[in-house]
Amino acid sequence: MLARYVQLTVALIVMPVVAAESPAMQAAYQQAAQFFYPKVRPLVRNAELPFYWQQQGYWFSRQETDGRRFYFADSLQQAPQQLNMAELARALAADDALDVDKLNLTLNRTEQHWQARLQYQQQSWHCQLASAYQCQIVVAPTAVKSPDQRWQLDSVAHNLQLTDVNSGQTQQLTTDGSADYAWGELNDWYQLDALNGVAQPPKRSSRFVWSDDSRFAATFVLDRRTMPTLHMLQNLPQQGYSAVLHSYKRALPGDDQRSHYQLAIVNTQNGKVSMTQLPPLETTQNWGDVSWHPDGFFYLVARDRGMRALTLWQILPTGAASIKWQERSEQFLDYAKHDIAWLDGGQFVFSSERDGWNHLYLQHADGTTQQLTRGDFVVRQLHGIDKANRQLYFSASGRESGDPYFRYLYRIKLDGTELTLLTPEYADHQVSVSPDWQYFYDSYSRVDLPTVSTVRQSMDGQVLETLAVADDSALRATGWQPPEPVTVLARDGKTPLYGLLYKPVNFDPAKRYAVVQHMYAGPHTIVSAKRFSRAFANTETPIAQLGIVVLNLDPLGTAHRSRAFHLHSYKNLGDIGGPDYLSGLKQLAAKRPYLDLNRVGAYGHSAGGYDAARAVLKYGDVYKVAVSSAGNHDHRMSKAWWPEMWMGMPDEGTQYDSNNNMTLAHQLNGKLLLATGDLDNNVNPANSFRLAAAIQAANRDVDLLLLANKDHDLREDSYFTRRRWDYFVQHLVGKAPPAFFQLSNN
């Protein structure tokens with residue numbers, strides 16, 4: 001009996017201390033609920049202002065006290081006019097007032113007047129915005145008209161159709177199209193849309209590029225016939241009692257059988273479709289790199305397996321092709337950083353990391369290359385070339401002092417002189433330059449600076465008009481405070497890393513707080529917010545209200561820094577920035593005694609789900625609790641292009657094995673919650689099942705949460721969000737969460 005008593009006492013001692021549910025924790029959950037995605041977004045008006053240039057004019061939408069309103073103007077010299085929603089409702093024969101947030105509305109300017117395209121009652125509409133609005137249903141919403149408005153090219157039932165707009169006569173250009181051999185259709189990596197719990201084929205989008213004289217159009221055929229098939233089992237279909245198997249095409253890393261594009265050119269004069277003399281193109285191709293040029297040739301930037309080459313092809317309308325320029329790397333070429341802009345005479349400007357930083361280069365017609373920008377900073381976007389003044393505009397980060405991720409707009413001459421900063425405010429600047437290069441739209445913000453949306457003069461950056469300043473008064477009324485920017489040194493002891501600390505609204509520096517780290521070391525991006533819109537609408541702020549300090553940190557191997565910084569993660573995604581995280585936590589705690597490093601947890605989604613699980617598996621002496629959602633735990637199970645780019649090809653070494661989370665399953669000592677939607681066609685649910693099975697095979701305990709009829713995006717899933725809160729409160733904070741707390745989206 002005494003032995004039993006001793007055993008029971010020891011068991012109670014080693015169990016996590018969980019206090020009884022308290023009114024204070026109920027209040028904390030109520031506070032957290034205020035900052036849940038669907039509830040917090042309406043608390044700030046104009047956190048981001050949609051703005052679009054149209055010829056010499058522009059249009060934008062703005063949130064006002066009585067709802068969202070649309071404005072458009074023929075030029076900056078004209079006062080913008082407001083879209084008349086009552087008149088639009090009449091033209092659409094709408095019975096009730098239009099819900100503008102559900103219209104999916106865009107405006108465009110023709111030579112004569114403004115038009116609107118929108119979705120309403122599951123139909124596509126085209127509206128003329130003259131003195132009396134008139135709307136009609138668009139029969140072929142994917143069709144693209146030629147510049148002279150004579151021809152219309154479309155993909156119908158996976159085949160090309162050419163219509164003479166004047167006569168209405170339609171030619172069937174191809175007849176061999178199918179769902180897996182589709183003419184004119186863009187590749188879709190997801191290939192299934194989960195709508196109301198029913199997985200169905202997506203609405204395919206098409207793409208055609210016309211020559212200036214309307215004689216030719218470029219398009220392609222998407223060939224997926226030999227691709228492998230992945231599956232998902234829907235256990236809770238809307239109808240019936242039997243589970244439904246959903247299948248979709250997906251090539252995995254190293255697969256030889258995968259989808260490709262084959263470029264084709266349509267001749268409107270004879271209706272002939274000519275295949276270009278190109279090798280099959282990877283479906284990761286950015287179709288926006290295709291364009292026609294005044295010399296009558298057709299160019300294309302194509303990418304290869306592993307993203308190790310960029311190739312610029314010169315193509316005749318007959319389909320004959322030759323390589324005009326190429327850049328290669330032994331590791332990867334970060335396609336998101338590679339822009340191109342055309343000059344006359346076969347010259348072009350391109351971006352490259354060849355000197356260790358992403359910079360701009362001018363390729364002359366004789367094949368020589370001239371570097372235009374230099375220094376320890378990153379060109380983030382090439383906006384284009386003002387050919388008349390031989391100047392180019394680009395956004396870059398890291399050149400100005402302070403946060404190296406903030407983007408600024410610059411102008412430079414084509415001889416590499418007169419580099420000019422046009423947006424001096426210390427903030428992240430999101431920019432769009434007008435077609436005539438005279439003006440630019442600038443939306444700038446920081447995590448502690450509500451977004452300012454302006455129109456500025458390109459000559460000197462002078463602000464001509466402020467369209468909106470984000471109104472955060474309702475947000476501030478909740479007690480919200482912006483996250484604290486923090487800087488630590490990386491594992492090398494010299495490279496600065498940047499992150500954010502999120503604290504409860506009732507933060508008390510005299511208390512000790514558990515620390516939860518939001519992880520996402522995916523090398524294509526960063527996790528820390530730089531703009532105001534992400535500083536308040538996120539997953540970190542609600543978790544902080546539960547008596548936790550939440551940390552973001554962007555370690556070595558992530559994006560938007562130098563080439564050397566980026567290469568830390570190449571063939572080494574399993575590093576997850578771990579040494580930087582551990583060092584950073586110690587540096588932060590040395591100056592912030594309220595951080596309790598005996599209670600550290602992690603969470604992440606997708607690539608971040610991989611990171612969070614790996615943190616508790618690999619660094620279990622620090623990370624005691626983790627919530628991993630939709631994690632890609634074995635990179636051999638991901639869509640082919642992503643791991644091939646960052647991990648290389650599977651036959652190049654053992655990196656896929658060593659970076660596999662399943663190999664660490666036996667090391668789990670902490671608490672791990674794996675969550676996945678059963679209709680996740682981005683990261684297949686099998687990833688989470690396999691890791692759970694490996695942990696079970698190692699005789700360790702793991703929690704697995706399967707979310708019925710959910711796809712990859714779980715940000716607004718109230719049940720999963722509440723379960724994640726509960727997991728940290730119970731296992732890290734050491735308190736009892738409110739029983740079945742009701743978190744709503746309303």
Side-chain angles (χ1 to χ4, degrees), residues 310 327 329 331-341 343 347-364 368-386 389-431 433 437 440 442 444 446 456 458-461 485 487 489-490 492-498 523-526 528 530 554-570:
L310 290 170
E327 177 154 357
S329 170
Q331 293 92 23
F332 62 84
L333 292 171
D334 187 355
Y335 68 95
K337 287 192 175 78
H338 285 83
D339 287 324
I340 189 168
L343 279 162
Q347 299 183 94
F348 57 92
V349 173
F350 67 94
S351 54
S352 170
E353 292 183 292
R354 59 181 60 181
D355 80 342
W357 298 83
N358 198 51
H359 281 300
L360 298 176
Y361 297 80
L362 173 60
Q363 187 77 2
H364 294 282
T368 60
T369 304
Q370 176 186 356
Q371 186 168 356
L372 302 180
T373 61
R374 300 175 185 274
D376 295 352
F377 65 92
V378 178
V379 172
R380 298 280 293 276
Q381 182 181 358
L382 173 58
H383 296 286
I385 303 173
D386 177 358
N389 295 304
R390 295 191 62 79
Q391 298 171 328
L392 59 87
Y393 291 84
F394 66 94
S395 291
S397 58
R399 184 175 182 271
E400 311 306 317
S401 60
D403 193 316
Y405 296 96
F406 285 172
R407 295 168 294 176
Y408 298 85
L409 179 67
Y410 299 89
R411 182 181 63 236
I412 194 172
K413 287 201 166 187
L414 279 171
D415 60 4
T417 64
E418 298 186 20
L419 177 62
T420 304
L421 172 65
L422 296 171
T423 54
E425 297 86 357
Y426 181 61
D428 181 71
H429 295 262
Q430 191 166 290
V431 168
V433 186
W437 307 104
F440 64 91
D442 177 24
Y444 65 90
R446 297 188 307 267
R456 308 175 76 149
S458 297
M459 179 178 65
D460 54 10
T487 305
L489 293 180
D492 59 9
K494 60 182 182 181
T495 304
L497 304 177
Y498 297 80
H524 59 287
T525 188
I526 59 175
S528 298
K530 300 301 170 185
D554 296 302
L556 295 177
T558 49
H560 309 320
R561 301 283 289 272
S562 70
R563 176 76 173 176
F565 189 104
H566 209 178
L567 282 174
H568 275 273
S569 59
Y570 184 61

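Only heavy atoms go into these numbers, but all of them, side chains included; no hydrogens, no water, no symmetry mates.
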Rounded to the nearest 0.5 Å, what separation is found between the [atom1] atom of [X] and the [atom2] atom of [Y]?
{"X": "Arg563", "Y": "Ser352", "atom1": "CZ", "atom2": "OG", "result": "8.5 Å"}
{"X": "Leu567", "Y": "Gln331", "atom1": "CG", "atom2": "CD", "result": "5.0 Å"}
{"X": "Leu362", "Y": "Leu372", "atom1": "CG", "atom2": "CG", "result": "5.5 Å"}
{"X": "Leu392", "Y": "Ile412", "atom1": "CG", "atom2": "CD1", "result": "6.5 Å"}
{"X": "His568", "Y": "Thr495", "atom1": "NE2", "atom2": "OG1", "result": "6.5 Å"}
{"X": "Tyr444", "Y": "Glu425", "atom1": "OH", "atom2": "CD", "result": "4.5 Å"}

After noting the C-alpha distance and the side-chain angles of Tyr405 and Asp554, does the key distance pass the side chain to side chain contact (heavy atoms under 4.5 Å, CB included) rule?
-> CA-CA 11 Å; Tyr405 296 96; Asp554 296 302; 3.9 Å; yes
Any side-chain to backbone donor/acceptor pair from [X] onto [Y]? Under 3.5 Å, distance only.
{"X": "Thr417", "Y": "Asp415", "answer": "no"}
{"X": "Asn358", "Y": "Val379", "answer": "yes"}
{"X": "Arg380", "Y": "Ser395", "answer": "no"}
{"X": "Asp386", "Y": "Trp437", "answer": "no"}

According to the interplanar angle, ranging from 0 to 90°, do the rings of [X] and [Y] count as parallel (below 30°), tilted (30 to 60°) or perpendicular (above 60°)?
{"X": "His429", "Y": "Tyr408", "value": "tilted"}
{"X": "Phe377", "Y": "His359", "value": "perpendicular"}
{"X": "Phe350", "Y": "Tyr361", "value": "parallel"}

Of all heavy-atom pairs between [X] and [Y], which one has the smallest distance, and what is that distance?
{"X": "Phe394", "Y": "Ala396", "value": "CE1-CB, 3.8 Å"}
{"X": "Arg407", "Y": "Asp428", "value": "NH2-OD2, 2.7 Å"}
{"X": "Leu422", "Y": "Arg411", "value": "CD2-NH1, 3.7 Å"}
{"X": "Gly557", "Y": "Ser569", "value": "O-OG, 2.8 Å"}
{"X": "Thr558", "Y": "Thr525", "value": "CB-O, 3.6 Å"}
{"X": "Tyr426", "Y": "Ser401", "value": "CE1-O, 3.6 Å"}

Stepwise side chain to side chain contact (heavy atoms under 4.5 Å, CB included) check, Tyr393 with Ser458 | CA-CA 9 Å; Tyr393 291 84; Ser458 297; 3.6 Å; yes
I would like to know whether Leu343 and Leu414 meet side chain to side chain contact (heavy atoms under 4.5 Å, CB included); could you show each step before the answer?
-> CA-CA 10 Å; Leu343 279 162; Leu414 279 171; 3.8 Å; yes
Member of Lys337, His560, Arg561 meeting the side chain to side chain contact (heavy atoms under 4.5 Å, CB included) criterion with Val378 =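 Exactly one candidate clears the test, Lys337.
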Which is it for His383 and Leu409 under the side chain to side chain contact (heavy atoms under 4.5 Å, CB included) test, yes or no, and what are the steps along the way?
-> CA-CA 9 Å; His383 296 286; Leu409 179 67; 3.6 Å; yes
